[in-house]
2 protein chains.
Amino acid sequence: MITSTTDPQPADFADVRATNLAVVLRSVREHAPCSRADIAASTGLNKATVSSLVADLIDRRLVRETGLTENRVGRPATMLVLDGSPYAAIGVEVNVDYVTAVAVDLSGERLLSWRRSFPGATTTAAEAVATVAAIVRRVANRMAKEERQVLGLAVGVPGLVGADGTVRIAPNLGWRDADLCGDLTKALRDPGFPVQVDNDANLAALAEHRFGPRAGTANLVYLTGEIGVGAGIVLDGRLRRGGQGYGGEIGHIQLDPLGAECRCGRLGCLEAVAGIGAVLEHAALSPAEVQIELDEVVRLARAADSRTLSTLATVGHHLGKGVAMIANLLNPEVVILGGYYVPLAPWLLPALEAELRGRTIAPDAGGCQVVASTLGYGAAALGGAARVLDSVDPGRLPRIS
Amino acid sequence: MITSTTDPQPADFADVRATNLAVVLRSVREHAPCSRADIAASTGLNKATVSSLVADLIDRRLVRETGLTENRVGRPATMLVLDGSPYAAIGVEVNVDYVTAVAVDLSGERLLSWRRSFPGATTTAAEAVATVAAIVRRVANRMAKEERQVLGLAVGVPGLVGADGTVRIAPNLGWRDADLCGDLTKALRDPGFPVQVDNDANLAALAEHRFGPRAGTANLVYLTGEIGVGAGIVLDGRLRRGGQGYGGEIGHIQLDPLGAECRCGRLGCLEAVAGIGAVLEHAALSPAEVQIELDEVVRLARAADSRTLSTLATVGHHLGKGVAMIANLLNPEVVILGGYYVPLAPWLLPALEAELRGRTIAPDAGGCQVVASTLGYGAAALGGAARVLDSVDPGRLPRIS
DNA sequence: CTAATTTGTTTGGCCGCCAGACTAACTAAC
DNA sequence: GTTAGTTAGTCTGGCGGCCAAACAAATTAG
C-alpha cells in the first residue's frame, strides 16, 4: 500500500507514474546492468509497463542501453545501466579544520574529490560563504566542461541547521544564526541548481546509507569523529531530524559528571571525554597538524605504548557509553564511526563493544554492530551529493525526446 | 509524491484507490461532521472522486450520513461522521501491578475501560496468557452483544518485544522468550481477529499520537512512569522501533555512576534514580498499595513537606537528564510523561525543565515541551486500540451493498 | 531447419481520477 | 411569489497509466 510519511496526501496517476519511475530507476541502480525483463521480474511490474517506464527514463537520460547480452538461450536482452554522464551532484563539507568537496554522477561514481585546509574556528560565516562559493564555482565549471548538468548542491556543517538551511548555532565554528543557504545562493548568483544546507552528521549518515558497505540498512547511526561529535540517525530507511531539525546532537550529552570541561562549558560531555580532543595531546587546528598528531598516536598504539593504549581504551569506554544510549533508545542495526575515529578504531572498538554489551538491555546489544566507516574523510560531502541524488524526482527532470 | 517507507514498491490503481480511501476516512475523522464538499475542499480531491470514495466507505460501514445541515445559503449539505457502531478495536496492557483493557470504536470513542490488579512480578507468562485471554474473551463477548465486529487486539507489555510478537525479556515481569502473541492466539482459539503484541511505551506513544491533546504531532516521545521506565518514540508521524523492535529502552541508561542499584544489577539507571520506586518509600506491589502511597506523596507535596519536595526535585532533575538526552538526540516537539508521573508532574516538572534547558545544545531545548499525559492509566491499552485502528485498511473491509 | 526459449512491443481493456455540465435544494431580495 | 444567487452533489466523457495476452524478434539446441 502507498503510505505517505506525513499528512496523507491524495494520490493520482501522476503519483503512480512517479512512484514507478523511481522504482525502476532504483532497480537499475541496484541490479545494473540488467534487462527490462529482469526489472519486470524483480519489481513485479508488467513487462509492458517497464518498457514504457524505461523509455521515459531514457528520454530523461537517466538510463542508457549498454550493448547487448550474454550467450544463452532465447532472445538476447538489451542491458540497461544508469547513465552517469549528463548529470552531477555536488556535496561540500565545511568543518573546523577543513573543507571537502565532492561531485558524483547518478550512479554514485566520484567525479572529483577535493580537500583543503580551512581555519573554521577563526572564520566568520560570511568568509566561509565566499570560500565555499569559490570552490563550488570551480566544481561547477569543471562539470560544465564535462557537459554535465548540476542537479544540486548540499553543504554539511557541524552545527544546528534549521529546516530552512539556516545555521542556528555551530559551536565549534563560532557561528550563530547564519543564513548559509540563502547567502550561498546569493554568492553563487543564480546557480541554476538548488542549494541545501544540513548537519554534517546527517549527511554522512546519508552517505553510508546510500554508498557505504552497509548501504540500504534501514536503521543506522553515524557518529562523526571530528573536533565535535554528532550523530546522524537513519530509522526505517530515512534520515530523521526531529521537529526542528536539531536531532543527533549527542556531543553534549553528559557521560561523566566529574569529567573534563567541554568547550560548551559543561562537564563531561561526550565530545569532551570521547572526542578527538580527548585523544590528542592538544587541540591542533589545521588538518595537517591533526593528521600528524593522529599518525603519531596510531604509531604509538601499534608500538603498544601503554599510555596511548590506556588513553584509547578510556575513550573507547566513554564512546561505548554513548553508543549504548543509542542502542538502547534506537536499536539500530549498525553504528558507524567516522572521521578521526576511523584510524583509531582497532584500539577503540574492543573497549567500546565491551561497554556497549554491558550497558544494553537487549541481549547481544539488540544486534547492534559497531564498525568504522570506509568512506574516508569526505563522508559528509559525499552524503551531500547523496542527498541531492535522493531528492532527484525522476518525474521532474526534463525530457529530451 | 507517493513515498513508500521501506523498499519502494510499485504502485497501481488499487493503491491510488486505497490511499484516497484512507485520505477521505481520515478527513472525516478529523473534521467530522463534514460534507462531501468539505472533504473535496480540504483534501484537494475532485468532488466526483470524493462522492465515489464516500459511497465506498458507506458501503463498508465506516462512514455514515447524519441528518442534513445548518441554515445557510445554498443547497443543504448531508453531513458525514465516522460510523462507530459496527466495529471495535481492543487494547490490553499487562503491567507489573495491573492489567488494563479498553475497547474503542472507529471514532475513538471508549466503549469500555477495565482495570484490575495483577501480580505481574509473580506470574508466569503462561498464567498471564490465561488471564489476558479470559479478559479478552469477556470484552469480545460484550462487543458481540453490541453487534460489533472486533477488528483486532493489541497487547502492551513492559519489555522487549520482537517483531513477531515474542516477548524476549520483560525484566520486571520476569519473563524471557515468551511467545505471547502465539500463545494468546491459541488460547483464544481462532478469535477471528488478528492479535498483536508490542511494548507498552510504544503503544502509549501511539495513543498520544492519535488521541492525546497533542494528537498528530509528528515527533513525540512518551515516557512510561510505571515500575519500569520506557520510551515510545514517534518520529515523522510514525512509531520507530529500530532494527529488531527493541528501541525506546531508556530505563537502563546510566544517569549517575554513583547512583542507587537498579534491579537490573547496574548502578544509577534512569529507572533506579527516576522511576516511581525512587519516589515511593518501598516498592509496593499491588496497584492499590502503590496508589495509596502515591496519594500520600501527593498529599505531602501539597503540604510542602520539605523531604517530599526534595525527593521529587531530585527525581525531576534525574528525569530532566533523561529527557535532555532525548531532546538532544531526537529533538521531538513534545515529551509526554505518563503513568505514575502524571499526578507528580506539578512537582517534577520545574526541576525537569531546568535540567532540560541546561543540558540541551539547541536554544530553548529545541522547542521541546514536556507535559503530563491526560490519557490516564490506560494509555498503553488505549494505544493498543490505536494500533489496531492504524492497521485498518479501509480498502480491505467487507463491502455490504 | 525446426523447436524451444526468452525478450520486448503492440493491442485492447479496465480502472480511477478529473473537469465541467447539470440537477437539486435552499436563501435572499424585490 | 418569483427570480436571482449560492452551494451540494451527481453524471458524463475524456484521459492516463497499468495489465494481460498475443505477437514479433532474436537467439540456442538438436
Side-chain angles (χ1 to χ4, degrees), chain A residues 1-2 8-24 27-28 31 33-59 63-80 394-395 399, chain B residues 1-2 8-24 27-28 31 33-59 63-80 394-395 399:
Chain A
M1 183 170 134
I2 302 171
Q9 292 217 322
D12 64 5
F13 300 121
D15 298 316
V16 172
R17 188 70 175 176
T19 301
N20 289 342
L21 280 170
V23 166
V24 170
S27 179
V28 173
H31 304 119
C34 61
S35 69
R36 290 167 174 82
D38 295 338
I39 297 172
S42 77
T43 62
L45 286 162
N46 188 282
K47 280 194 300 173
T49 310
V50 170
S51 273
S52 154
L53 291 163
V54 166
D56 222 342
L57 292 174
I58 289 177
D59 279 353
V63 160
R64 186 165 44 89
E65 293 187 338
T66 172
L68 281 190
T69 182
E70 321 94 82
N71 282 2
R72 64 161 164 34
V73 182
R75 170 176 165 177
T78 48
M79 302 310 260
L80 302 168
R399 310 184 58 158
Chain B
M1 178 170 144
I2 302 173
Q9 293 218 320
D12 64 5
F13 301 122
D15 297 317
V16 173
R17 188 69 174 177
T19 301
N20 289 342
L21 278 171
V23 165
V24 170
S27 177
V28 173
H31 305 119
C34 62
S35 69
R36 291 167 173 79
D38 295 338
I39 297 172
S42 77
T43 61
L45 287 162
N46 187 281
K47 279 194 300 172
T49 310
V50 170
S51 272
S52 155
L53 291 163
V54 166
D56 222 342
L57 292 174
I58 290 178
D59 280 352
V63 159
R64 186 164 46 89
E65 293 187 339
T66 171
L68 280 190
T69 182
E70 322 92 83
N71 283 2
R72 63 162 165 33
V73 182
R75 169 176 167 179
T78 48
M79 303 310 261
L80 302 168
R399 311 184 57 157

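Per chain, numbering begins at 1; letters A, B, ... match sequence-line order. What you see below is based on every heavy atom in this structure, not just the backbone, and it leaves out hydrogens, waters and symmetry mates.
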In DNA chain D, consecutive runs of at least three Watson-Crick or G-U pairs below 3.5 Å, as range with range, amount to C:1-30 with D:1-30
So how far is it from B:Asp12 CG to A:Phe13 CZ, rounded to the nearest 0.5 Å?
-> 10.5 Å
At what distance, to the nearest 0.5 angstrom, does CG of A:Leu57 lie from CG of A:Leu21?
-> 5.0 Å
Specify the separation, in whole Å, of atom CZ of A:Arg36 and atom C1' of D:dA26.
-> 15 Å
What one should report as the nearest heavy-atom pair of B:Arg17 and B:Ser52 is NH2-OG, 2.8 Å
When rounded to the nearest 0.5 angstrom, what is the spacing between CZ in B:Arg64 and OG1 in B:Thr78?
-> 13.0 Å
Measuring from A:Leu80:CG to A:Glu65:CD, what's the distance to the nearest 0.5 Å?
-> 6.0 Å
Contact under 4.0 Å: A:Thr78 side-chain N or O vs C:dT7 OP1/OP2 = no
Are any side-chain N or O atoms of B:Asn46 and backbone N or O atoms of B:Ala40, one a donor and one an acceptor, separated by less than 3.5 Å?
-> no
For B:Arg17 and D:dG17, give me the distance from atom CZ to atom P, rounded to whole Å.
-> 19 Å
Look only at the side chain of A:Ser27 and the backbone of A:Val23, and say whether a donor-acceptor pair between them is shorter than 3.5 Å.
-> no
Value in whole Å for how far the C1' atom of D:dG9 lies from CG of B:Leu57 | 16 Å
Calculate, to the nearest 0.5 Å, the distance between atoms CG and CG belonging to B:Leu45 and B:Leu53 respectively.
-> 6.5 Å
Do A:Arg75 and D:dT27 share a donor-acceptor pair, side chain to base, under 3.5 Å?
-> no
From CG of B:Leu53 across to C1' of D:dT10 the rounded distance in Å is 14 Å
Is B:Asp38 reaching over with its side chain to a backbone N or O of B:Ser35, donor-acceptor style, under 3.5 angstrom?
-> yes
Give me, pair by pair, the N or O atoms of the protein and of nucleotides 13-15 of chain D that are less than 3.5 Å apart, along with how far apart they are.
none

Considering all heavy atoms, the nearest A:Val50-A:Arg36 contact = CG1-O, 3.6 Å
Specify the separation, in whole Å, of atom CG of A:Asp15 and atom C1' of D:dG16.
-> 13 Å
Taking only N and O in the side chain of A:Asn20, is any of them less than 4.0 Å away from OP1 or OP2 of D:dC18?
-> yes
Is the side chain of B:Asp56 donor-acceptor paired with the backbone N or O of B:Asp59 at a distance under 3.5 Å, no angle test?
-> no
Residue pair A:Ala14/B:Ala37 against DNA chain D: nearer the 5' end by closest nucleotide is B:Ala37
Taken to the nearest whole Å, CD/A:Glu65 to P/C:dT7 is 15 Å
The correct set of residues in residues 43-52 of chain B placing a heavy atom under 4.0 Å from DNA chain D is B:Lys47, B:Ala48, B:Ser51
